[in-house]
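Taking it in order: structure first as structure tokens, then the write-up.
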Protein chains: 2
Amino acid sequence: MSSSELPCKECCDVTIIHDEIVSDVQAKQLPLEKGNELALLFQALSDPTRLRIIHTLIQAEVCVCDLAAILEMSQSSISHQLRNLRALRLVKHRKVGRMVYYSIDDEHVLSLMEIGLQHISHS
Amino acid sequence: MSSSELPCKECCDVTIIHDEIVSDVQAKQLPLEKGNELALLFQALSDPTRLRIIHTLIQAEVCVCDLAAILEMSQSSISHQLRNLRALRLVKHRKVGRMVYYSIDDEHVLSLMEIGLQHISHS
DNA sequence: TTAATATATGAATACATGATCATATATCTA
DNA sequence: TAGATATATGATCATGTATTCATATATTAA
């Protein structure tokens, strides 16, 4: 429990209390780039509408029109959100005529939803 | 592939294409309340700074001051973010004198981080 | 070809959010 | 007790975001 002059001291005006912990943990830091990517992934899951879309698509492949009906929201809103989910490769689409069918594009999404639901349940 | 007059038609101006899918899936919908809670959880994970804090606390229990030094950010910023994470019971704190030590308060957080990192890696 | 329909998207708006600054609170130390 | 220090927090501001509206695109049907 001693203060010191680690390199960091030169780049921010914060006191360092535990030298070893700071240097140890700093060496194992989450790379900034990974942090940013990971944040984007969770950000895609941070909206109730998008979560309801995902929860729906986990159960069935659904076209945009039906998705809007199921969630009782406008087609435009759903379409915008699907674009977001598509950009992060969380959902994929299949075009049939003028209809577009969306479905889940990643096993990880299922796990994330399950674990997330567990967390909010046992609270 | 037929349109129809399901109840939903009265509450939104969207055409329903697949009757059965819509009614089936609508019956298994994620409750609005659960969707909102789940969104809050993922929202807490949707910021690079908070993810770096969590990644740090997975490795060790760290005081606010050292956290700020490790992440090279202001004490105020870290403290605000910790409040956020605490509100969602993702981290817990232990007070010792004037220092406050934070650590992970949930096994689920570890799983969410791991699965998230898997997703962004194999892409 | 023309009208209808399913989806996508740009612009605008209202709202949420993260960092900073100033300052409050609590604890330690001299 | 007075000053220093670790943390918390309200206010502000700049930025990000979800929905809506209007409209574009693409496909089907008449």
Side-chain angles (χ1 to χ4, degrees), chain A residues 1-4 9 12-18 22 35-36 39-40 42-53 61-88 91-102, chain B residues 1-4 9 12-18 21-22 32 35-36 39-40 42-53 61-88 91-102:
Chain A
M1 299 231 186
S2 60
S3 291
S4 75
K9 196 115 193 215
C12 59
D13 60 354
V14 173
T15 311
I16 293 174
I17 306 290
H18 310 83
V22 170
N36 292 336
L40 284 177
F42 287 123
Q43 201 264 0
L45 302 175
S46 72
D47 176 75
T49 298
R50 285 194 293 272
L51 287 178
R52 293 171 70 213
I53 290 176
E61 183 192 54
V62 181
C63 69
V64 178
C65 192
D66 286 348
L67 253 183
I70 291 167
L71 303 186
E72 299 178 13
M73 294 186 66
S74 72
Q75 176 271 320
S76 177
S77 182
I78 297 296
S79 203
H80 275 293
Q81 298 291 22
L82 285 170
R83 190 188 195 201
N84 190 327
L85 293 172
R86 217 170 48 199
L88 283 148
V91 304
K92 61 188 173 190
H93 63 295
R94 178 172 71 92
K95 195 168 183 181
V96 177
R98 62 186 152 182
M99 319 266 297
V100 179
Y101 293 87
Y102 281 84
Chain B
M1 299 225 185
S2 60
S3 291
S4 74
K9 197 117 193 212
C12 59
D13 60 354
V14 174
T15 311
I16 293 174
I17 307 291
H18 309 83
I21 290 179
V22 170
L32 284 180
N36 292 337
L40 284 177
F42 286 124
Q43 201 264 0
L45 302 175
S46 71
D47 176 75
T49 299
R50 284 193 294 271
L51 287 177
R52 292 171 71 214
I53 290 176
E61 184 193 52
V62 181
C63 69
V64 178
C65 192
D66 286 348
L67 253 182
I70 291 167
L71 304 185
E72 298 178 12
M73 295 186 65
S74 72
Q75 175 271 321
S76 176
S77 183
I78 298 295
S79 202
H80 275 293
Q81 297 294 20
L82 285 170
R83 189 188 196 201
N84 190 328
L85 293 171
R86 217 170 47 198
L88 284 147
V91 304
K92 61 188 172 190
H93 62 295
R94 178 172 70 94
K95 195 167 182 181
V96 177
R98 61 187 153 184
M99 319 267 297
V100 178
Y101 294 87
Y102 281 83

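Residue numbers begin at 1 in each chain, while the letters A, B, ... track the order of the sequences. This one's a predicted model, so the numbers in the text were calculated from it and none came from an experiment.
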Side chains of A:M73 and A:Q81: does their closest heavy-atom pair fall under 4.5 Å?
no
Protein-nucleotide distance (A:I16, atom CD1; D:dT7, atom P), rounded to Å
13 Å
Interatomic distance, A:I17 CD1 vs C:dC28 P [rounded to whole Å]
13 Å
D:dT7 phosphate, OP1 or OP2: any side-chain N/O from B:R94 under 4.0 angstrom?
no
Reading nucleotides 18-27 of chain C from the 5' end, what letters show protein touch, with B for base, S for backbone sugar-phosphate only, - for no heavy atom under 4.0 Å?
SSBBB---SB
Tell me, do A:E72 and A:R52 make a side-chain contact under 4.5 Å, heavy atoms counted?
no
Calculate the interatomic distance between A:L51 atom CG and D:dA18 atom P; express it in whole Å.
11 Å
So A:E61 and A:H93, do their side chains get closer than 4.5 Å, heavy atoms only?
no
Does a side-chain N or O of B:Y102 approach OP1 or OP2 of D:dA6 to a distance below 4.0 Å, or not?
no
Can you tell if the side chain of B:D47 reaches within under 4.5 Å of the side chain of B:L51, non-hydrogen atoms only?
no
For A:L85 and C:dT7, what is the distance between atoms CG and C1' respectively, to the nearest whole Å?
16 Å
Contiguous pairing runs of three or more, Watson-Crick or G-U under 3.5 Å, that involve DNA chain D:
C:1-30 with D:1-30
Rounded to the Å, how far apart are A:L45 CG and D:dT17 P?
14 Å
I need the CD1-C1' distance between A:I78 and C:dT7, as an integer number of Å.
12 Å
Close side-chain approach of A:D66 and A:C63, heavy atoms under 4.5 Å:
yes
State, with a plain yes or no, whether a side-chain heavy atom of B:V100 is found less than 4.5 Å away from one of B:R94.
no
Would you say A:S79's side chain and A:S76's backbone share a donor-acceptor pair under 3.5 angstrom?
no
Below 4.0 Å: OP1/OP2 of C:dA8 and any side-chain N or O of A:R86
yes
In whole angstrom, what separates A:M99's CE from C:dT7's P?
5 Å
Map A:L40 and B:L82 onto DNA chain D by nearest heavy atom, then report which one ends up closer to the 5' terminus.
B:L82
Which value, rounded to the nearest 0.5 Å, describes the distance between A:L88 atom CG and A:R50 atom CZ?
8.5 Å
Donor on one side chain, acceptor on other, A:R86 and A:Y102, under 3.5 Å
yes
